[in-house]
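Worksheet: the structure to be examined is printed underneath.
Computation of the quantities below employed the complete heavy-atom set of this structure, encompassing side-chain atoms and omitting hydrogens, waters and symmetry-equivalent molecules. Indexing begins at 1, ligand by ligand and atom by atom, following the structure's order.
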Amino acid sequence: VKLITAKRAGFCFGVKRAIDIAFDTAEKKKAGVYTLGPIIHNPQVVERLQTMGVRSVNSVRDLARKDPKAVIVRTHGVTENIMNSLSKNGHAVIDATCPFVKKAQHYAKLLKEEGYKIIILGDKEHPEVKGIMSYAGRGAVVVKDASEFPETKARVGVIVQTTQNVEKLKELLAVAVGHTKELKVYNTICNSTALRLKETEEMAQRADVMLIVGGKNSANTTQLARLCQSLGVATYHIETASEIKDAWFSRAATVGLTAGASTPDWIIKEVKKRIKDIGGRRTYGHPKGRYSKGRA
Ligand code: SF4
């Protein structure tokens with residue numbers, strides 16, 4: 001089996017920064033470190049941090065009973081209200097919000113102050129979007145795609161969830177120009193996501209089987225798996241090497257391997273080792289993974 005590994009597999013800049021901050025804080029404080037929500041969408045990293053005394057809580061209220069030594073804000077950021085409550089309650093806040101997400105929050109605030117009707121392209125349930133929304137103020141609207149662009153005569157300001165793809169933004173803007181005489185756009189899509197998707201797409205066109213490594217709860221990992229699936233290549237979304245089955249590679253000459261932005265290097269290395277071990281001992285099974293579709 002020829003294995004091709006994506007150059008961009010694994011931690012992006014923002015996640016690496018947040019994880020370094022979390023491990024650093026854990027070492028310094030020893031215990032009593034909390035994150036608001038899991039620091040990243042990767043259960044294995046969260047478990048590792050737990051063994052070092054870093055716990056996750058769901059709300060500011062939960063922190064009141066814990067007497068934390070430090071509270072880490074994760075890469076997605078939090079709402080303005082939450083940030084204010086943390087300071088008001090006297091917590092030592094360590095802000096690991098990705099600087100690109102911070103920038104989107106900043107533009108939201110700016111557009112609000114300038115009186116624009118703000119449209120956010122993204123998933124309204126995603127914590128990053130909830131955070132940006134809080135800075136954009138009451139009149140802001142979240143749309144999942146161009147079809148949801150609202151009827152408006154107002155001056156429109158557009159901001160984008162960092163992990164959206166640029167095609168969706170282009171479609172939205174094509175609709176937006178027909179709706180308003182003044183349009184201001186901040187393209188806050190993170191380059192890391194776009195490049196990772198592009199590389200994955202190219203790889204899926206050459207591979208017989210694609211392995212996508214990362215949390216099942218990670219939106220960007222799932223997006224990679226769905227992309228490969230849509231290209232008709234047999235695709236498996238796994239969290240760890242232990243899920244891999246020999247039969248997946250029975251008829252594969254080339255295997256593509258990539259990983260989401262929240263997947264640590266040590267998990268990618270274990271997956272590579274497992275595929276190499278399988279190398280000589282192929283079996284004749286039929287690949288049927290979570291996202292398997294097309295060639296078997
Ligand atoms: S994907 Fe981009 S915006 Fe999101 S955490 Fe990574 S670097 Fe930051």
[X] vs [Y] side-chain heavy atoms within contact, under 4.5 Å:
X: Thr263; Y: Gln44; result: no
X: Phe11; Y: Asp265; result: no
X: Tyr34; Y: Val54; result: no

Residue pair Thr79 / Asn81, side-chain donor-acceptor N/O under 3.5 Å =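 No, Asn81 and Thr79 have no side-chain donor paired with an acceptor closer than 3.5 Å.
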task = Would you list the protein N, O or S atoms within less than 2.8 Å of atom 6 (Fe) of ligand 1, leaving out water?
result =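 Protein N/O/S atoms under 2.8 Å of atom 6 (Fe) of ligand 1: Cys12 SG.
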request  = To the nearest 0.5 Å, tell me how far Leu211 CG sits from Leu257 CG.
outcome  =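 If I round to the nearest 0.5 Å, the distance is 6.0 Å.
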Please tabulate, one pair per line, all N/O donor-acceptor pairs under 3.5 Å involving side-chain atoms of residues 168-183, not counting sequence neighbours.
from   : atom 1 : to     : atom 2 : distance (Å)
Lys168 : NZ     : Lys144 : O      : 3.2
Lys168 : NZ     : Gln164 : OE1    : 3.4
His179 : ND1    : Val175 : O      : 3.0
Thr180 : OG1    : Ala154 : O      : 3.0
Thr180 : OG1    : Glu182 : N      : 3.1
Thr180 : OG1    : Glu182 : O      : 2.9
Glu182 : OE1    : Arg155 : NE     : 3.1
Glu182 : OE2    : Tyr116 : OH     : 2.5

